[in-house]
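Report on one structure; see the data block that follows.
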There are 2 protein chains.
Amino acid sequence: MIDLRFPTALQIVLGIQIAEEDGVRCTSQKLADSLGVTASFVRRLLVPLTRDGIVESSLGKRGGVRMARSPKNITLRDIYCCVTDDKRLLTARPDIPCQCVASANIGEFFEGVASEAEALVLDMLARRTVADSVTEIRKLEQMRIGRASAVN
Amino acid sequence: MIDLRFPTALQIVLGIQIAEEDGVRCTSQKLADSLGVTASFVRRLLVPLTRDGIVESSLGKRGGVRMARSPKNITLRDIYCCVTDDKRLLTARPDIPCQCVASANIGEFFEGVASEAEALVLDMLARRTVADSVTEIRKLEQMRIGRASAVN
DNA sequence: ACTAAATGCAAGTATGATGATGGCATTAAC
DNA sequence: GTTAATGCCATCATCATACTTGCATTTAGT
């Protein structure tokens, strides 16, 4: 099964930030609707995001979810690492019997390759902030509106 | 569940190349032993590798598996793409209801991020050939032997 | 011919992380 | 007190991956 935690968390954070900019109160129910899932599911992903100081929430009526710090200071790497725990992008086979030159050293070799791959992706994600991402989303929205009105 | 096809196929190919260099006949059973699985499982991964002209095999007694072309002309990217089909490294959520600015454009936005990540990893894998990898494995083997004898 | 040793392949089982829901106690505004 | 929100736990669902069993086929050697 493919891991959807990162894209889901990303949409949640971007949704919160956009709501904030638009002066709209954001709840887990609204986020859930925009994802097509239940509010409970959203709250589950909100747990690590809150723990890492990315978002924060208030209880009770008129409660909801807000950004916990500036979107300029949150990168996609922060979000990725926050919700995927220690899951590696590439994983070596566990429990390889050390019987030959290949099997005895493949683990160490593969670890090097996997680390390099992961570092490349994480660095790329670290170069994109939530603020940048929202800007890009809004740009895409403008183009979408442009395309839609061109049809008429 | 984590995808082990790439590390498994990698060990298979490196094992075949090492056997070839050492002048030893290689069979799916030997590869299976070095992986701790059945020969049938190895053969299953051999199917795409054969299809892509990376390895080739001969039937019957004294049959076995060989490299189909020079290890200098096979990159880790070739192996990765061969065995992982069209699986993406990062995947967007499917079926997002387009209800707001975020949900309507997140798909396109995420696709850009995912493509960039995948391109980075594939380019890195393309820079490593099977020949290079075997050299590195043998270097690790020397270090391993060095460490082992230093203990005595 | 016969046997041994190999591949090719189809069918099926297992598993476990991920995906997702429901329910309920708690909190806070009005 | 009612309403509307979060926090969190227990649970179910599913599905891609992991792997085995089993057997037909092919080929080499005697």
Side-chain angles (χ1 to χ4, degrees), chain A residues 1-9 11-12 16 19 24-51 55-66 68 80 83-97, chain B residues 1-9 11-12 16 19 24-51 55-66 68 80 83-97:
Chain A
M1 205 173 291
I2 298 155
D3 199 328
L4 301 178
R5 283 177 293 180
F6 176 49
T8 309
Q11 180 171 341
I12 287 172
I16 295 170
V24 177
R25 187 171 64 105
C26 191
T27 66
S28 54
Q29 185 58 57
K30 285 185 187 168
L31 291 168
D33 290 342
S34 81
L35 280 161
V37 297
T38 61
S40 199
F41 181 63
V42 170
R43 283 184 212 127
R44 189 108 87 118
L45 270 174
L46 247 26
V47 171
L49 292 170
T50 303
R51 180 200 61 207
V55 305
E56 59 187 16
S57 50
S58 42
L59 289 167
K61 194 171 177 178
R62 303 287 301 167
V65 198
R66 301 174 304 281
Y80 178 88
V83 296
T84 55
D85 295 330
D86 54 352
K87 186 188 174 190
R88 306 296 305 268
L89 211 52
L90 300 177
T91 321
R93 283 187 69 85
D95 311 326
I96 295 172
Chain B
M1 205 174 292
I2 298 151
D3 199 328
L4 301 178
R5 283 177 295 180
F6 176 50
T8 309
Q11 181 171 341
I12 287 173
I16 295 170
V24 178
R25 186 170 63 103
C26 191
T27 65
S28 55
Q29 185 59 58
K30 286 185 186 167
L31 291 167
D33 290 342
S34 81
L35 280 162
V37 298
T38 61
S40 200
F41 180 63
V42 170
R43 283 183 213 127
R44 190 109 87 119
L45 269 175
L46 247 26
V47 172
L49 291 170
T50 302
R51 181 200 60 207
V55 305
E56 60 188 13
S57 50
S58 40
L59 288 166
K61 194 170 177 178
R62 304 285 302 166
V65 198
R66 302 174 303 282
Y80 179 87
V83 297
T84 55
D85 296 330
D86 55 351
K87 186 189 173 190
R88 305 295 305 269
L89 212 52
L90 301 177
T91 321
R93 284 189 69 85
D95 312 325
I96 296 171

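Chain A is the first sequence line, chain B the second, and so forth, proteins listed ahead of strands; every chain is numbered from 1.
- We find that NZ of B/Lys61 is positioned 8 Å from P of C/dA4, with the value rounded to whole Å.
- Counting only heavy atoms from C-beta outward, the side chains of B/Asp33 and A/Pro97 never approach each other to under 4.5 Å.
- In this structure, the CG atom of B/Leu46 is 13 Å from the C1' atom of C/dA6, given to the nearest Å.
- A straight line from CZ of B/Phe41 to P of C/dC9 spans 17 Å, rounded to a whole angstrom.
- Taking only side-chain atoms of A/Arg43, from C-beta outward, the nucleotide of C/dA29, D/dG7, D/dT17 with the closest atom is D/dG7.
- Contact annotation: B/Ser57 does not reach the phosphate of C/dT7 (side-chain N/O to OP1 or OP2, under 4.0 Å).
- Counting heavy atoms from C-beta outward, A/Val37 and A/Arg44 have side chains that stay 4.5 Å or more apart.
- Within the 4.0 angstrom heavy-atom criterion, only backbone atoms of the sugar-phosphate kind lie near A/Ser28; the bases stay farther away.
- B/Ser40 comes within contact range of at least one nucleobase, with a heavy-atom separation under 4.0 Å.
- In this structure, A/Lys87 places its NZ atom 8 Å from C1' of C/dT18, rounding to the nearest Å.
- Taking the nucleotide of DNA chain D with the nearest heavy atom to each of B/Ala39 and A/Gln29, the more 5' of the two is matched to A/Gln29.
- Between D/dT20, D/dT27, D/dT17, one nucleotide has an atom nearer to the side chain of B/Val37 than all others, and that is D/dT20.
- Minimum atom distance to the side chain of B/Arg62 is reached by D/dA28, of the listed D/dA18, D/dA28, C/dC9.
- As rounded to whole Å, 13 Å separates atom C1' of D/dA5 from atom CG of A/Leu31.
- Comparing D/dT20, D/dA10, D/dG7 by their closest approach to the side chain of B/Thr38 singles out D/dT20.
- Atom OG1 of A/Thr84 is separated from atom CG of B/Leu90 by 10.0 Å, given to the nearest 0.5 angstrom.
- Rounded to whole Å, the distance from CG on A/Leu45 to C1' on D/dT6 is 15 Å.
- The distance between atom CG of B/Leu4 and atom P of C/dT15, rounded to the nearest whole Å, is 16 Å.
- Under the salt bridge (charged side-chain N to carboxylate O under 4.0 Å, His left out) criterion, the residue pairs touching residues 55-65 of chain B are B/Glu56-B/Arg66, with sequence neighbours excluded.
- Distance, A/Arg93 CZ to D/dT17 C1': 11 Å, rounded to whole Å.
- Using a 4.0 Å heavy-atom distance criterion, A/Thr8 is classed as making no nucleic acid contact.
- At least one side-chain heavy atom of A/Leu35 sits under 4.5 Å from a side-chain heavy atom of A/Ile12.
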